[in-house]
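Take a look at the structure below.
Values reported hereafter were calculated over all heavy atoms of this structure, with side chains retained and with hydrogens, waters and symmetry mates removed. Naming: A, B, ... by sequence-line order, numbering from 1 per chain.
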Protein chains: 2
Amino acid sequence: MPDQLSQVFAALADPTRRDLVARLAVGDATVGQLAAPYDVSLQAVSKHLKVLETAGLVTRGRDAQRRPVHLEAEVFDLMTKWIERYRQQAEERFARLDAVLAAMNDTSATPEEGQTA
Amino acid sequence: MPDQLSQVFAALADPTRRDLVARLAVGDATVGQLAAPYDVSLQAVSKHLKVLETAGLVTRGRDAQRRPVHLEAEVFDLMTKWIERYRQQAEERFARLDAVLAAMNDTSATPEEGQTA
DNA sequence: GAGCTTGTCAACCATCTGGTTGAGCACCGA
DNA sequence: TCGGTGCTCAACCAGATGGTTGACAAGCTC
């Protein structure tokens, strides 16, 4: 079983599943309601929902024979945190690089290749 | 060819590729340097980098026979925007639901099923 | 030029994925 | 209890994916 972050990214890599998430953000829905707009079989949509469920993006309740699907927004934080961490890191590095370049222009010194980056 | 958002999510669904991104956030690196920590072949890492490249997460330069790999942080925004959009939407809905529940408690009226959600 | 270094391309293989159809379970309504 | 509704499970199939190895291009260095 892969880690949750991988599962979340993989789940959202599919446009149909992203669309499902988009619609579930508006409100809970049954499998049949969710499947209606697509020309694929109900079973295919059910599979997509299972992927979203094991990724933790969605939970399924019970209402007689219906299985209302509910979006779990908290999992998004997992991704956001991962993304933000490396985006900020990269941006800080750019800032440092800019500073280095500016310093180089100021002094017109030899680059020296002293840094790892 | 799938849309870029799908490609970005798919690219980051692999732990090795997320690790590569994490290391590239620290600084540019050559393919050999990036491949060193893993026990897979250099070709496998080269393939991973190609996936990251076609997703727009990474660019490759030239330095003699070396191909320094560079992280492109802007693409992260694409994901962040998508995520934030639906997270906020879902959270607003929760807030509205809370309000409805609170109102129901106040009045003790019949639910009436008047809303879609 | 010969040979090492760095990396890509191509072919192949096992596994995963998204789709299908068919069967069947759970539940409601008559 | 009989049938219809809502959905899942299982088996199967085509194509994508991640890994391998082998060949080779590009570029320094001797």
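Straight-line distance from the CD atom of B:Gln7 to the P atom of D:dT17: 9 Å, rounded to whole Å. Protein atom OH of B:Tyr38 is 11 Å distant from nucleotide atom P of D:dG19, rounded to whole Å. One can place CZ of A:Arg18 at 12 Å from P of C:dG18, the figure rounded to the nearest angstrom. One can place CG of A:Asp63 at 17 Å from P of D:dT5, the figure rounded to the nearest angstrom. One atom, CZ of A:Arg60, and another, C1' of D:dC9, lie 12 Å apart when rounded to the nearest Å. One atom, CG of B:Asp14, and another, C1' of D:dA16, lie 14 Å apart when rounded to the nearest Å. If you take CZ of A:Arg67 and P of D:dC7, they are 7 Å apart, rounded to a whole angstrom. In this structure, B:Asp39 places its CG atom 12 Å from P of D:dT21, rounding to the nearest Å.
The side chain of A:Arg62 lies closest to C:dC27 when the candidates are C:dC27, D:dG18, C:dG7. The side chain of A:Lys50 approaches D:dC9 more closely than any other nucleotide in the set D:dC9, D:dT8, D:dT20. Nearest nucleotide to the side chain of A:Leu42, out of D:dG27, D:dT8, D:dG18: D:dT8. In this structure, of C:dT20, C:dT8, D:dG18, it is D:dG18 that holds the atom nearest to the side chain of B:Lys47. With distances taken from any side-chain atom of B:Arg17 to the nucleotides D:dT20, D:dG18, C:dT6, the minimum falls on D:dG18.
Donor-acceptor pairing under 3.5 Å, judged by distance alone, is present between the side chain of B:Gln43 and the base of D:dG22.
When the side chains of ILVMFWY residues are joined at heavy-atom separations under 4.5 Å, either directly or via intervening members, B:Phe76 and B:Val51 end up in two distinct hydrophobic clusters.
For the OP1/OP2 pair of D:dC7 and a distance below 4.0 Å, the side-chain nitrogens and oxygens of A:Ser46 include no atom meeting the criterion. Distances shown here put every side-chain N or O of A:Ser41 at or beyond 4.0 Å from the OP1 or OP2 atom of C:dG19. Considering only side-chain N and O atoms, A:His48 lies under 4.0 angstrom from the phosphate OP1 or OP2 of C:dG19. Under 4.0 angstrom from either OP1 or OP2 of D:dC7 there lies at least one side-chain N or O belonging to A:Thr30.
In the model, A:Arg18 has a side-chain atom that pairs as donor or acceptor with a side-chain atom of B:Ser6 under 3.5 Å.
Checked by atom type and distance alone, the side chain of B:Arg60 never pairs as donor or acceptor with a backbone atom of B:Arg67 at under 3.5 Å.
By the 4.0 Å N-to-carboxylate-O rule, B:Glu53 lies too far from B:Lys50 to be salt-bridged with it.
Using the six-membered ring where Trp is involved, A:Trp82 and A:Phe9 have ring planes that are perpendicular, over 60° apart on the 30 and 60° scheme.
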